[in-house]
Amino acid sequence: MNDDAGLSDSLRRLRDLSPQSASGAVEEQLRLAFRRHGRRQSSYWVAGIVLAASLSWFCARRVMQPVPATHSFAESGFVALPYGQSDVPLEHAAIVRVEVQSASGAVTADLLVGQDGVARAVRFTQ
Amino acid sequence: MKRLKVVKERKASEKGREHELSEDDLVHLMRKGDEQAFLVLYRRHQGPVFRFALHMSGSRQIAEEVTQEVFLGLFSARGRYDAQRGSLQAYLIGVARNYVRGHQRQQSVLAPFEVDYLAEESPDRADLLALRKALLTIQPKYREVIVLCDLEELSYEEAARHLGCALGTVRSRLHRARAVLLRRMQGRRESCPA
């Protein structure tokens with residue numbers, strides 16, 4: 001190894017006698033870590049969806065206006081829906097404002113929704 | 001075009017033929033959670049990353065730790081590989097450099113380098129161990145050009161890309177590194193003649 005060529009030869013020998021790759025244990029550990037990472041990512045997605053759904057529900061609740069159930073439909077301009085009959089007595093209700101597309105354009109209406117989630121009556125506002 | 005790429009990736013992934021895909025497609029699949037794509041990338045690049053870390057640190061254990069850290073970083077949030085900025089291999093070697101430097105900072109305080117991985121018995125083993133030790137004593141900026149150009153046999157251009165420096169810098173560092181190595185090996189021979 002007295003000259004440049006000798007040094008190059010020795011470096012090549014050093015390279016050839018050295019390990020060429022990491023052991024299989026490294027690959028196995030990385031494979032497990034990759035799976036754990038994937039599961040964690042999925043759980044973040046699920047948590048995000050649950051959070052978004054909760055926020056939507058919370059916002060929707062704020063839009064809904066609770067109505068005393070003692071009000072009669074007619075007094076407040078509501079018309080009972082023909083298929084809005086429910087076995088559950090109307091104890092608590094909420095008004096949900098919706099927009100319905102008709103041939104003449106968009107129509108805004110209020111739906112009276114019972115505590116069981118069944119729309120009982122409708123009131124057209126426009 | 002993008003849709004065609006997605007269909008191509010999906011088909012290759014379903015048939016377990018990730019090795020036919022380009023590097024960018026594999027990275028894309030890996031980020032979507034495709035384990036096979038990750039393994040193809042790992043098997044393709046772990047050798048150069050491991051050998052770089054091995055020759056830079058002189059320790060098989062450190063080289064394996066560094067390799068693991070580099071690939072953990074590739075698929076986790078730490079991985080910020082951007083194909084527009086260079087090849088994946090250059091990125092991985094760049095990350096490995098940082099980890100090796102971190103290990104070396106700790107190691108210089110804790111313990112000297114180990115050079116025990118030259119397992120094979122050979123008549124010039126003593127010389128090779130001496131060369132290994134000499135290589136580990138030169139400055140990292142000189143050692144890495146020897147590792148990339150002489151041990152990994154990369155071209156000067158490739159080494160410059162991997163190290164993020166100019167071509168001329170690689171040339172001058174390599175020239176200087178080889179001169180220092182030769183001087184140390186000659187000094188050793190004079191101090192302990194056969």
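Note that these values count all heavy atoms, side chains included, but never hydrogens, waters or copies made by symmetry. Proteins come first, then strands; the chains are lettered A, B, ... in the order of their sequence lines, and each starts at number 1. If you're wondering where the values come from, they're calculated on a predicted model, not measured in any experiment.
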Novice: If every non-hydrogen atom of B:Leu182 is compared with every non-hydrogen atom of A:Asp3, which pair is closest and at what distance?
Specialist: CD2-O, 3.6 Å
Novice: Classify the ring geometry between A:His37 and B:Phe75 as parallel (under 30°), tilted (30 to 60°) or perpendicular (over 60°).
Specialist: tilted
Novice: Would you name the heavy atoms of B:Leu151 and A:Arg15 that are closest together and state the gap between them?
Specialist: O-CD, 2.6 Å
Novice: Pick whichever of A:Ser8, A:Ser23, A:Ala33 has the most heavy-atom pairs under 4.5 Å with chain B.
Specialist: A:Ser23
Novice: Do A:Arg31 and B:Tyr42 have side-chain heavy atoms sitting under 4.5 Å apart?
Specialist: no
Novice: Donor-acceptor check, side chain of B:Arg178 to backbone of A:Asp4, threshold 3.5 angstrom: yes or no?
Specialist: yes
Novice: Per the side chain to side chain contact (heavy atoms under 4.5 Å, CB included) rule, which among B:Leu72, B:Leu39, B:Thr67 passes with A:Leu30?
Specialist: B:Leu72
Novice: Report the C-alpha distance between A:Ser10 and B:Asp127 in whole Å, list the side-chain angles of each, state the deciding distance to 0.1 Å, and finish with yes or no for side-chain contact (heavy atoms from CB on, under 4.5 Å).
Specialist: CA-CA 8 Å; A:Ser10 297; B:Asp127 278 348; over 6 Å; no
Novice: Calculate, to the nearest 0.5 Å, the distance between atoms OG and CD belonging to A:Ser21 and B:Glu64 respectively.
Specialist: 9.0 Å
Novice: Does any backbone or side-chain atom of B:Phe71 lie under 4.5 Å from a heavy atom of chain A? Answer side chain, backbone, both or neither.
Specialist: both
Novice: Check the pair B:Gln46, A:Glu27 against side chain to side chain donor-acceptor pair (under 3.5 Å), reporting the backbone distance first and the verdict last.
Specialist: CA-CA 9 Å; B:Gln46 64 90 16; A:Glu27 180 175 323; over 6 Å; no
Novice: Considering only heavy atoms, which portion of B:Glu153 lies under 4.5 Å from any heavy atom of chain A: side chain, backbone, both, or neither?
Specialist: side chain
